[in-house]
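Heavy-atom basis, side chains included; hydrogens, waters and symmetry copies ignored.
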Amino acid sequence: MSDLLKRSTLLGRGGLLKQVRLLLPALLLCALPFYLDAFWLRIGLFSMAAAIGAVGLGLLSGTAGQLSLGHAFFLAVGAYGYVWLAGEPGPGLPPAVAAVLAVLLAGTAGGLFSPVAGRVKGIYLGVATLALVFLGHHVLLTADSVTGGFNGRSVPPLEIGGFTFAETDPELTVLGVPFGAEERLWYLGLVLSALTWFTARGLLRGRPGRALVALRDSETAASVMGVHVARYRSAAFVVSSMYAGLAGVLLALSFRRVVPDYFSLLLSVDYLAMIVIGGLGSVAGATAGAVFVTALPLLMTRYADQLPLVATPGSGDGSIGPTEASRYLYGAAIVVILLYAPDGLHGLARRTRARLRRKSPGTGPPDAGPTSRPPATTANAARTKEHTP
């Protein structure tokens with residue numbers, strides 16, 4: 001009875017500690033707009049949008065094992081879908097409705113391509129999705145009435161229940177801190193990131209996630225176990241497209257103007273770098289990789305005049321700019337990750353925590369030791385004698 005009480009107490013403490021570990025970062029993130037200026041909040045917004053898209057690509061490439069180079073296309077569908085549905089020219093729908101429809105539009109685009117994704121795999125699917133990027137970029141440049149052409153279009157602000165996620169007159173002040181567009185969008189990004197995090201983790205821990213992992217490891221074994229290969233491949237592509245559409249909507253709101261050149265092949269390569277650096281098949285790893293790849297060029301641009309071998313933007317002296325330097329750095333990071341930590345930052349952090357637990361004293365089971373073994377019963381003794389010749 002005492003052992004049962006001890007075990008229940010330990011389980012209660014473990015659940016409480018887990019809740020505290022979740023609550024403290026959430027409170028910290030909610031408090032940041034009161035202390036950070038607009039530059040740092042923009043970095044956070046771009047990182048949250050990238051994390052949403054990286055989680056979607058991680059489900060497709062890391063969990064289902066399907067290579068995709070067309071992620072930028074679905075981000076563009078989400079971003080431009082919202083701009084057209086909520087703006088003029090366009091239907092002029094309520095922005096909240098337009099945001100939801102833009103995500104569904106990206107999922108529909110993924111559904112139209114899903115028959116190809118269901119029958120093609122590996123490098124062949126990568127080449128097929130590569131065509132989406134070039135086709136989408138051409139459409140964005142030529143469909144002036146919808147996309148605005150080369151100059152793009154301004155993004156209508158999001159409004160939910162009369163609350164506008166943009167600058168307003170009179171200015172909104174909370175606890176003496178003026179809340180502009182970045183501060184308001186910060187909390188929207190937190191909500192969308194949390195929604196993405198919990199839905200993706202629930203999917204991975206459920207039956208669909210196990211089916212996708214089995215499909216990645218061996219198609220033959222998965223089909224023998226009853227996994228419909230083409231159906232699950234297509235479903236993974238649709239879900240990944242919807243995550244990309246949601247990321248595109250948040251990116252559009254953060255940028256406040258969308259232009260075709262942003263949704264190029266380089267953006268798709270950036271997303272592949274995010275999931276490789278963070279760790280394939282991991283939601284936390286995709287988030288960490290997204291923050292690294294997104295924040296690095298922005299930080300190097302701001303502090304370019306203090307960094308060696310990096311030229312300030314617009315200097316024109318032939319030196320390496322901050323954007324190119326950041327690509328070199330996370331390209332080198334990919335090589336190091338593949339050589340020394342193939343499971344990415346998430347796997348590295350997991351192994352580090354395991355080492356710390358082994359080294360720290362008192363982390364073993366409370367009853368571990370020579371006295372923790374239960375005394376042998378008569379049945380045990382009799383069972384042992386039966387096997388004795």
Quiz item: Mind checking whether Pro157 and Leu253 have side chains closer than 4.5 Å, heavy atoms only?
Solution: no
Quiz item: Taking all atoms of both residues into account, what is the closest heavy-atom pair of Ile334 and Ala273, and its distance?
Solution: CD1-CB, 3.6 Å
Quiz item: Quick check: are there more than 12 heavy atoms from other residues, nucleotides or ligands sitting under 6.0 Å from CZ of Arg119?
Solution: no
Exercise. Mind checking the CG-CD1 spacing from Leu307 to Ile320? Nearest 0.5 Å is all I need.
Key: 12.0 Å
Self-check item: Qualifying ring pair (Phe, Tyr, Trp, His ring centres under 6.0 Å) pairs with a residue from residues 84-127, counting only residues at least two apart or across chains
Solution: Phe113-Phe237
Self-check item: From CG (Leu132) to CG (Leu265), nearest 0.5 Å
Solution: 12.0 Å
Quiz item: Ring centres of Tyr82 and Tyr80 under 6.0 Å apart?
Solution: no
Quiz item: Backbone N or O of Ala221 within a donor-acceptor pair of the Ser218 side chain at under 3.5 Å?
Solution: yes
Quiz item: What residues, two or more places apart in sequence or in another chain, satisfy salt bridge (charged side-chain N to carboxylate O under 4.0 Å, His left out) together with Arg216?
Solution: none
Self-check item: Minimum heavy-atom distance Ala76-Leu140, with the two atoms named
Solution: CB-CD1, 4.0 Å
Quiz item: Can you tell if the side chain of Val276 reaches within under 4.5 Å of the side chain of Leu338, non-hydrogen atoms only?
Solution: yes
Quiz prompt | Euclidean distance, Leu267 CG relative to Leu69 CG, rounded to 0.5 Å | solution = 12.0 Å
Quiz prompt | Glu159 side chain reached by Phe165 side chain, heavy atoms, under 4.5 Å | solution = no
Practice problem: Quick one: list whatever passes side-chain hydrogen bond (donor to acceptor under 3.5 Å, both in side chains) with Arg256, sequence neighbours left out. | Solution: Glu182
Quiz prompt | Heavy-atom pair with the smallest gap, counting every atom of Ala106 and Phe74 | solution = O-CD2, 3.9 Å
Practice problem: Would you give the length of the straight line joining atom CE of Met48 to atom CG of Leu250, rounded to the nearest 0.5 angstrom? | Solution: 7.0 Å
Quiz prompt | Between OG1 on residue Thr287 and CZ on residue Phe292, distance to nearest 0.5 Å | solution = 15.0 Å
Quiz item: In Å and rounded to the nearest 0.5 Å, what is the OH to CG distance from Tyr243 to Leu192?
Solution: 11.5 Å
Practice problem: Answer yes or no: is there a donor N or O on one side and an acceptor on the other, between the side chain of Arg210 and the main chain of Arg205, under 3.5 Å? | Solution: yes
Quiz item: Within the distance-only criterion (no hydrogens, no angle test), does the side chain of Ser282 pair as donor or acceptor with the backbone N or O of Gly279 below 3.5 angstrom?
Solution: no
Quiz item: So, Ser114 side chain and Gly111 main chain: donor-acceptor pair closer than 3.5 Å or not?
Solution: yes
Exercise. Run the ring-centre check on Phe255 versus Tyr262 and record whether the distance is less than 6.0 Å.
Key: yes
Practice problem: Could you list all the ring pair (Phe, Tyr, Trp, His ring centres under 6.0 Å) pairs where at least one residue sits in residues 174-215, not counting sequence neighbours? | Solution: Phe34-Phe179
Quiz item: Would you find more than 12 non-hydrogen atoms of other residues, nucleotides or ligands less than 6.0 Å from Arg231 atom CZ?
Solution: no
Quiz item: With side chains defined as the heavy atoms from C-beta onward, is the minimum distance between Tyr330 and Asp270 less than 4.5 Å?
Solution: yes
Quiz item: With side chains defined as the heavy atoms from C-beta onward, is the minimum distance between Thr196 and Leu246 less than 4.5 Å?
Solution: yes
Quiz item: Judged by atom type as modelled, is there a donor-acceptor pair below 3.5 Å linking the side chain of Ser234 to the main-chain atoms of Pro115?
Solution: no
Quiz item: Backbone N or O of Gly180 within a donor-acceptor pair of the Glu183 side chain at under 3.5 Å?
Solution: yes
Quiz item: Could you give all pairs that pass the side-chain hydrogen bond (donor to acceptor under 3.5 Å, both in side chains) test and reach residues 60-75, with sequence neighbours left out?
Solution: none
Quiz prompt | Sidechain-backbone polar pair: Arg327 side chain, Pro297 backbone, donor-acceptor under 3.5 Å | solution = no
Self-check item: Side-chain (Arg153) to main-chain (Val146) donor-acceptor, under 3.5 angstrom
Solution: yes
Quiz prompt | Heavy-atom side-chain proximity of Leu59 to Leu204 below 4.5 angstrom | solution = yes
Practice problem: Scan residues 126-151 for pairs that pass side-chain hydrogen bond (donor to acceptor under 3.5 Å, both in side chains), counting only residues two or more places apart or in two chains. | Solution: His137-Asp261
Quiz prompt | Side-chain touch Leu298/Arg42, heavy atoms, less than 4.5 angstrom | solution = no
Quiz item: Got more than 12 heavy atoms from elsewhere within 6.0 Å of OH, Tyr340?
Solution: no
Quiz item: Between His346 and Val283, is any pair of side-chain heavy atoms under 4.5 Å apart?
Solution: no
Quiz prompt | Trace of the side chain to side chain contact (heavy atoms under 4.5 Å, CB included) decision for Ile123 with Leu67 | solution = CA-CA 7 Å; Ile123 189 64; Leu67 177 63; 4.1 Å; yes
Quiz item: Ignoring hydrogens and geometry, is there a side-chain-to-backbone donor-acceptor pair from Thr199 to Leu195 under 3.5 Å?
Solution: yes
